[in-house]
Visitor: 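One structure coming up, written as structure tokens, with questions to follow.
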2 protein chains.
Amino acid sequence: MKQTEMASGAANPRFVDRKPHELLWRRLSRLAGLSDAVLSDQERSMIRQTCAAPGEVPAGAALYVEGEPLRKPGALLAGWACRLRLLPDGRRQIFDFLLPGDLFGHSLGPEPFATTSAVTLTTVSIAGTGCLWEMGREPDRFPGLVRALAAAHARQQALLLDHVVRLGRQTAQERVAHLLLELGHRLDEIGFPLGSFVPMPLTQEVMADALGLSGVHVNRTLQQLKRERLIETKAASIRLIDPVALATIADFRLPSGRSAAP
Amino acid sequence: MKQTEMASGAANPRFVDRKPHELLWRRLSRLAGLSDAVLSDQERSMIRQTCAAPGEVPAGAALYVEGEPLRKPGALLAGWACRLRLLPDGRRQIFDFLLPGDLFGHSLGPEPFATTSAVTLTTVSIAGTGCLWEMGREPDRFPGLVRALAAAHARQQALLLDHVVRLGRQTAQERVAHLLLELGHRLDEIGFPLGSFVPMPLTQEVMADALGLSGVHVNRTLQQLKRERLIETKAASIRLIDPVALATIADFRLPSGRSAAP
DNA sequence: CGGGATTTTGAGCGCTCTCAATATATGTGG
DNA sequence: CCACATATATTGAGAGCGCTCAAAATCCCG
């Protein structure tokens with residue numbers, strides 16, 4: 001599971017990798033609400049402290065394991081990870097990907113047992129967000145942060161629903177296009193413009209385990225998209241040449257504004 | 001989308017359909033914690049009031065629609081429903097099923113927009129749970145209820161993860177067996193013993209839209225399971241003859257004790 | 001008893017898989 | 001900086017699982 005490590009630092013993005021806490025603050029701020037009611041100075045200051053001493057984790061390491069109690073909630077400051085489950089016969093299903101700015105290990109309920117495992121796909125820089133989790137218990141003192149945490153949760157839930165549709169009712173080409181668009185838009189949010197070359201450290205095998213396909217078929221599908229001049233790859237990066245055409249193929253809809261609705 | 005309506009009232013179950021509020025109370029109580037810290041008398045009394053005037057909804061009706069603001073949170077007291085999404089070309093993906101005792105329309109975050117639609121599969125009896133939702137805002141006054149609501153959310157999340165594995169990495173036979181076991185265990189929790197004939201108002205076409213298969217192939221798969229004497233069907237009901245063998249086929253694991261871990 | 005929904009059955013097709021074998025990066029140690 | 005070892009990507013051939021399209025048989029409800 002070796003991966004390119006500099007993948008998330010390519011192409012001089014707008015603000016990634018400058019100040020780690022700024023990435024997290026922007027993300028949470030956007031999640032808390034696009035209009036008003038943003039994060040307070042106190043909340044912002046806590047976020048900055050949180051990112052003060054990030055930890056490095058090599059590629060292929062487990063952030064947490066299914067069934068274990070959730071020890072430390074955290075946030076990805078750089079690098080990619082994924083949530084997955086292993087079947088006894090070796091099959092593997094990836095639920096979703098964690099990108100810089102994403103939270104992990106934050107349970108809403110009081111029973112902190114992991115329902116999935118999470119594994120790093122590249123070298124990763126993480127911040128412990130135990131303090132944010134504590135603050136999440138006090139909606140009155142930290143309303144903006146609580147909203148942001150809830151929104152982060154809702155966002156992940158919405159992505160999972162899209163994933164179910166991909167797996168259940170889309171063809172291989174649709175699945176690949178849809179996933180690339182999802183990742184493209186999420187990368188756009190953290191400073192890698194849609195339509196330009198952006199980091200893509202996913203192995204074809206990894207994409208296959210996310211999309212319910214074989215690695216071989218992911219390869220052929222990607223080649224077809226290249227032949228149609230819809231995407232372009234270079235090293236561990238990719239460019240979505242025609243996001244509109246891709247969105248038409250994949251019936252992709254922006255996840256913006258969605259919320260949890262059990 | 002005609003369905004058998006009496007499906008959920010078959011076979012003299014342990015406590016369903018006697019007193020609707022008892023079903024809901026038992027469910028929430030179990031979710032709040034198997035050991036101690038159960039629901040207070042006040043909370044129980046609120047639940048009883050909630051179920052006082054249940055509403056009837058015919059089969060094939062929408063409980064809520066994707067994209068709309070969530071008006072009324074509710075609880076299913078009798079009958080089945082499902083959450084789903086429609087694709088523009090007519091394809092349909094079912095995310096999960098709502099059984100008696102399940103909640104719907106409860107968003108945790110402050111942005112009440114439905115990310116899915118929900119449709120009744122049978123005639124359904126529902127209780128408005130707006131008051132429970134309000135109480136959920138006050139963890140200090142109603143700790144048991146808040147835990148129950150969070151646990152209900154976590155449970156649904158865990159079921160969705162299982163569903164992703166089914167869709168992404170299991171064969172048709174495994175998917176069908178796994179879904180039948182999931183439903184069998186959920187029905188067991190609400191008074192229909194595992195291993196006996198239990199209501200199963202799902203059309204083969206509906207199962208197909210949940211499992212990412214065609215209706216025809218669900219039919220053939222069910223027939224195979226019958227030939228192998230693993231299941232047995234009668235009217236709108238089913239009996240899991242050999243749950244252990246089914247669990248081996250499907251790699252089914254009990255969802256008990258799981259919690260949300262984003 | 002009639003009509004629509006659901007289930008069942010058959011035939012043929014095609015998307016995707018498996019199994020290799022080969023080519024190309026990528027990383028490591030000397 | 002090169003040679004090797006490993007991981008990843010690519011390509012080909014063949015097979016199989018599940019799909020589509022029909023038609024027939026049942027079931028269910030009024």
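Within every chain, numbering begins at 1; the chains are lettered A, B, ... in the order of the sequence lines, protein sequences first and strands thereafter.
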Visitor: Rounded to whole angstroms, how far apart are CE on B:Met200 and C1' on C:dT7?
Guide: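 Rounded to the whole Å, the gap is 16 Å.
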
Visitor: Closer than 4.0 angstrom, basic N to acidic O: yes or no for B:Arg85 and B:Glu66?
Guide: yes

Visitor: Can you list everything that forms a salt bridge (Lys or Arg N to Asp or Glu O under 4.0 Å) with B:Arg169? Sequence neighbours excluded, please.
Guide: A:Asp209

Visitor: Could you tell me whether B:Asp188 and B:Arg186 make a salt bridge, using a distance below 4.0 angstrom between a side-chain N and a carboxylate O?
Guide: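 A salt bridge is absent here (no side-chain N lies under 4.0 Å from a carboxylate O).
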
Visitor: Taking atom P of C:dT16 as reference, at what distance in whole Å does atom CG of A:Asp209 sit?
Guide: 16 Å

Visitor: What N/O pairs connect the protein and nucleotides 10-16 of chain D at under 3.5 Å? Give each pair on its own line.
Guide:
| unit_1 | atom_1 | unit_2 | atom_2 | d |
| --- | --- | --- | --- | --- |
| D:dT10 | OP2 | A:Gln204 | NE2 | 2.6 |
| D:dT10 | OP2 | A:Asn219 | ND2 | 2.7 |
| D:dT10 | O5' | A:Asn219 | ND2 | 3.3 |
| D:dT11 | OP2 | A:Gln223 | OE1 | 2.5 |
| D:dT11 | OP2 | A:Gln223 | NE2 | 3.1 |
| D:dG12 | N7 | A:Arg220 | NH2 | 2.3 |

Visitor: Tell me the interatomic distance from A:Leu211, atom CG, to C:dC17, atom C1', rounded to whole angstroms.
Guide: 15 Å

Visitor: Show the distances under 3.5 angstrom between N or O atoms of the protein and N or O atoms of nucleotides 13-15 of chain C.
Guide:
none

Visitor: Who pairs with A:Arg175 by salt bridge (Lys or Arg N to Asp or Glu O under 4.0 Å), at least two apart in sequence or on another chain?
Guide: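 Salt bridge (Lys or Arg N to Asp or Glu O under 4.0 Å) list for A:Arg175, sorted by chain: empty.
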
Visitor: So, A:Glu182 and A:Arg253, do they make that salt bridge, N to O below 4.0 Å?
Guide: no

Visitor: State, to the nearest 10°, the angle formed by the axis through the first five base pairs of the helix from C:dC1-D:dG30 to C:dG30-D:dC1 and the axis through its last five.
Guide: 60°

Visitor: Using whole Å, what does the distance between atom C1' of nucleotide C:dT18 and atom CG of A:Leu213 come to?
Guide: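 So the two atoms are 14 Å apart, to the nearest Å.
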
Visitor: Please determine whether side chain to side chain contact (heavy atoms under 4.5 Å, CB included) holds for the pair B:Glu189 and B:Leu99, giving the CA-CA distance in whole Å, both sets of side-chain angles, and the decisive distance to 0.1 Å.
Guide: CA-CA 11 Å; B:Glu189 287 181 2; B:Leu99 272 51; over 6 Å; no

Visitor: Round to the nearest Å and state the distance from B:Arg169 atom CZ to C:dC17 atom C1'.
Guide: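 Those two atoms, CZ and C1', are 11 Å apart.
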
Visitor: Take atom NZ in A:Lys72; do more than 12 heavy atoms of anything else shown fall under 6.0 Å from it?
Guide: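 Atom NZ in A:Lys72 is not crowded, with 12 or fewer foreign heavy atoms closer than 6.0 Å.
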
Visitor: Could you please spell out the steps behind the side chain to side chain contact (heavy atoms under 4.5 Å, CB included) verdict for B:Ile190 and B:Arg27?
Guide: CA-CA 8 Å; B:Ile190 57 173; B:Arg27 271 282 280 162; 4.0 Å; yes

Visitor: Mark yes or no for whether B:Thr120, through its side chain, and B:Gly60, through its backbone, hold a donor-acceptor pair below 3.5 Å.
Guide: yes

Visitor: Under 4.0 Å between a side-chain N/O of A:Thr203 and OP1 or OP2 of D:dT8, yes or no?
Guide: yes

Visitor: Go through the structure and list residues passing ring-ring contact (aromatic ring centres under 6.0 Å, His included) with B:Phe252, not counting sequence neighbours.
Guide: B:His178, B:His185

